[in-house]
S.K.: 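One structure follows; several queries about it will come next.
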Amino acid sequence: MKLLRSIAVCAAVALVTLTVGFAQHVQTDFDHQANFAQYKTYSWQEIKPGASLWDSRIKSAVDAQLEAKGLAQVADRGDIAIVAIKTSQTQRTLQTCYDGFGGGWRWRGFGESTTTEQGYQEGTLVIDLYDGKTKQLIWRGSTESVLSDKAEKNEKTLDKGVAKMFKDFPPGSGKR
């Protein structure tokens, strides 16, 4: 019974650790000299690497946020030029469980520990906004999160991450 309780506690700790570690991370930065009030239109330049099913999903998520902020999309030569960069990579994590008979923090004794390696996919999306005339970077947002095996869940995560990215866009709009 003690062994089952130890396994259950270890599994619960591993689940909490994985959940906290896999939270979505969003960051933004911008050119503090840029006058964001002058930008009224935007156009897409490219998504790197291109030619995937996610290209249209990324564009839709960004379009929804920018249009909600009052910017209009134009086919070419917008006040803002958008470049998106997407990547995914396999990450590894180690989880060690003790059987409760030793090897823990409180006391040493006879017992065993088991360490397992778990792999997961992590996706990163970077959205760069450039001044359409000067070609200078004026804003960058990035979101990083663990990817699911289910496309629908990943799409919701994408929408949520892009919404967080553009929450305070344009910079200074929330300081009134």
S.K.: Can you check whether Trp44 reaches Asp63 side chain to side chain, under 4.5 Å on heavy atoms?
M.R.: yes
S.K.: For a 4.5 angstrom cut-off between non-hydrogen side-chain atoms, does Leu147 reach Ser88?
M.R.: yes
S.K.: Let me see the working for Ile82 and Ile127 under side-chain contact (heavy atoms from CB on, under 4.5 Å), right down to the final yes or no.
M.R.: CA-CA 7 Å; Ile82 303 175; Ile127 304 292; 4.0 Å; yes
S.K.: Going by heavy atoms in the side chains, are Met165 and Gln65 under 4.5 Å from each other?
M.R.: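 No. Closest side-chain heavy atoms not under 4.5 Å.
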S.K.: Quick check on the hydrophobic clustering: are Tyr42 and Phe36 connected, directly or via other members, by side-chain heavy-atom contacts under 4.5 Å?
M.R.: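 Result: yes, single cluster for both.
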S.K.: Describe, in one word, how the ring planes of His32 and Phe30 are oriented to each other, choosing from parallel (under 30°), tilted (30 to 60°) and perpendicular (over 60°).
M.R.: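 Tilted: the ring planes of His32 and Phe30 meet at 30° to 60°.
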S.K.: Shared ILVMFWY cluster between Val83 and Tyr39, side chains joined below 4.5 angstrom?
M.R.: no
S.K.: Around atom CD of Glu46, are there more than 12 heavy atoms from other residues, nucleotides or ligands closer than 6.0 Å?
M.R.: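 Count over threshold, so yes.
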S.K.: Minimum heavy-atom separation for Ser43 to Gly78, with atom names?
M.R.: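 What the structure gives for the nearest pair is OG-N, 3.2 Å.
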S.K.: Give, for atom NZ of Lys133 and atom CG of Asp79, the distance between the pair rounded to the nearest 0.5 Å.
M.R.: 5.5 Å
S.K.: Which pair of heavy atoms, one from Thr143 and one from Gly161, lies closest together, and at what distance?
M.R.: OG1-CA, 3.8 Å
S.K.: What closest approach, in Å, do Lys164 and Gln24 show between heavy atoms, and which atom pair accounts for it?
M.R.: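 Taking Lys164 first and Gln24 second, the nearest heavy atoms are NZ-OE1, 3.8 Å.
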S.K.: May I have the step-by-step check of side-chain contact (heavy atoms from CB on, under 4.5 Å) for Trp54 and Leu125, ending in yes or no?
M.R.: CA-CA 11 Å; Trp54 284 95; Leu125 174 64; over 6 Å; no
S.K.: Could you walk me through whether Val162 and Arg57 satisfy the side-chain contact (heavy atoms from CB on, under 4.5 Å) test, starting with their C-alpha distance in whole Å, then the side-chain angles of each, then the deciding distance to 0.1 Å, before giving a yes or no?
M.R.: CA-CA 11 Å; Val162 171; Arg57 295 172 186 158; over 6 Å; no
S.K.: Do Lys160 and Val26 have side chains that approach each other closer than 4.5 Å (heavy atoms only, starting at C-beta)?
M.R.: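 SC-SC contact between Lys160 and Val26 ruled out.
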S.K.: Nearest 0.5 Å please: distance from the NE2 atom of His25 over to the OG1 atom of Thr124.
M.R.: 10.0 Å
S.K.: Output the distance between atom CG (Asp128) and atom CH2 (Trp139), rounded to the nearest 0.5 Å.
M.R.: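 CH2 of Trp139 is found 9.0 Å from CG of Asp128.
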S.K.: Atom CG in Asp31, atom CG in Leu129: separation rounded to 0.5 Å?
M.R.: 12.0 Å
S.K.: Does Gln38, at its CD atom, have more than 12 non-hydrogen atoms belonging to other residues, nucleotides or ligands within less than 6.0 Å?
M.R.: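 More than 12 within 6.0 Å, yes.
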S.K.: Is there a path from Ile58 to Phe166 through hydrophobic residues (I, L, V, M, F, W, Y) whose side chains come within less than 4.5 Å of each other?
M.R.: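 Result: yes, single cluster for both.
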S.K.: Can a donor-acceptor pair be found, under 3.5 Å and without considering hydrogens, that links the side chain of Asn154 to the backbone of Ser148?
M.R.: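 Such a contact is found between Asn154 side chain and Ser148 backbone.
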S.K.: CZ of Arg140 to CG of Asp29: how many Å apart, nearest 0.5 Å?
M.R.: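 If I round to the nearest 0.5 Å, the distance is 9.0 Å.
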S.K.: Using 0.5 Å steps for rounding, measure from the CD1 atom of Ile47 to the NZ atom of Lys86.
M.R.: 6.0 Å
S.K.: Are side-chain heavy atoms of Glu122 and Ser145 found at a separation under 4.5 Å?
M.R.: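 Of all side-chain heavy-atom pairs linking Ser145 with Glu122, none is under 4.5 Å.
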S.K.: Please walk me through it: do Thr28 and Asp168 pass side-chain contact (heavy atoms from CB on, under 4.5 Å)?
M.R.: CA-CA 9 Å; Thr28 60; Asp168 295 323; over 6 Å; no
